[in-house]
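Report on the following structure.
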Amino acid sequence: MAGSLGQMYITGIWLEAILYGHHGASRKTLLFSSVVQFSLATAHVIISLLELMAAFTTSASAADSYFAEPGGNELFVGGFFVYIVNTFAQELLLIWRLYVIWGRNFKICIIPLILWMLHCSIASIAVSGFIPATATPLTRNVHSYGLAGWGLETGVNLLASGGIAYRLWHAGRRSAILTGRLNYKASFLIIIECGALITTCTAIMFALYAANKPEGLVGVGAATQIATISPLLIIARVGFAMSKRKTVSTATTFSTFP
């Protein structure tokens with residue numbers, strides 16, 4: 001496994017570059033969040049390319065050592081900080097959408113926000129553990145806090161995505177009584193798909209890392225891009241559904257007049 005670590009990072013960064021090319025914002029209301037997350041995603045791609053240049057300057061074996069012992073490596077630590085900040089932004093954006101779609105009911109966001117704050121703290125501690133020159137991906141503090149951080153990330157995404165999906169499903173059932181069809185089926189499915197995408201990505205990295213395999217960190221680049229894509233897809237789709245509902249409601253209102 002150790003002998004192919006450098007090649008695995010090449011594949012992971014190649015996948016990151018492909019996902020980076022699929023970003024796109026759909027509505028003006030997403031401009032600020034898009035700029036922030038796109039900037040972080042771009043920064044991570046640049047750092048990843050610089051890492052490859054630094055790792056493969058001499059030989060493949062040196063590259064394996066570069067990624068297996070990243071302690072004190074400014075590029076590695078900087079890339080990880082960009083990753084977690086982008087993840088924090090993705091989760092906060094998803095919680096905001098949960099808040100909006102539930103009629104600006106803050107109570108529904110309390111548990112996701114608590115988990116989000118815990119995730120911010122624990123993930124920051126985990127990444128800071130790479131700063132000492134002797135640190136490795138399996139160093140006790142880095143490993144334990146990293147696993148806890150990914151667990152909390154999964155919890156936030158499941159709760160927020162699940163809350164949004166349930167709200168749309170419930171609204172769809174109510175509208176079906178009046179219209180005879182489920183109006184929010186497409187939005188419901190895209191939320192399930194996006195939630196499953198980022199949760200699956202995190203779960204794979206978590207499982208590998210929990211098995212004491214440093215290869216679990218290879219997917220961080222791709223995860224950075226998925227963290228940028230997923231909430232924007234969900235928010236754009238939900239926003240479209242809400243706009244469509246208003247349009248249908250307005251049309252119905254006017255049609256009642258002679």
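Just the heavy atoms: all of them, side chains too, but no hydrogens, waters or symmetry mates, feed the values below.
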Test your reading of the model: is there a side-chain donor-acceptor pair from [X] to the backbone of [Y], 3.5 Å cut-off?
X	Y	answer
Y209	P137	yes
W102	I108	no
S128	S124	yes

Grab the two heavy atoms, one from [X] and one from [Y], that are nearest each other, plus how far apart they are.
X	Y	answer
I122	A148	CG2-CB, 3.9 Å
A123	F88	CB-CZ, 3.9 Å
N141	S144	O-OG, 3.4 Å
L94	I164	O-CD1, 3.9 Å

Should [X] and [Y] count as side-chain neighbours, where that means a heavy-atom distance under 4.5 Å?
X	Y	value
W116	S121	no
L98	R167	no
V142	F130	yes
T87	E153	yes
C109	W96	no
M205	L217	no

Between the CD1 atom in I47 and the OG1 atom in T42, the distance rounded to the nearest 0.5 Å is 11.0 Å
CD1 (I110) and CG (L115) are apart, to the nearest 0.5 Å, by 12.0 Å
Identify whether [X] and [Y] are in the same connected component of the hydrophobic contact network (ILVMFWY, side-chain heavy atoms under 4.5 Å).
X	Y	answer
I204	L147	no
L158	I95	no
L208	L138	no

_For I111, is the CD1 atom crowded, meaning more than 12 foreign heavy atoms sit under 6.0 Å from it?_
no
Compile the donor-acceptor pairs under 3.5 Å between side chains in residues 69-84 and protein atoms, sequence neighbours left out, one pair per line.
residue : atom : partner : partner atom : Å
N73     : OD1  : L75     : N            : 3.0
N73     : OD1  : F76     : N            : 3.2
N73     : ND2  : Y66     : OH           : 2.9
Y83     : OH   : W150    : NE1          : 2.9

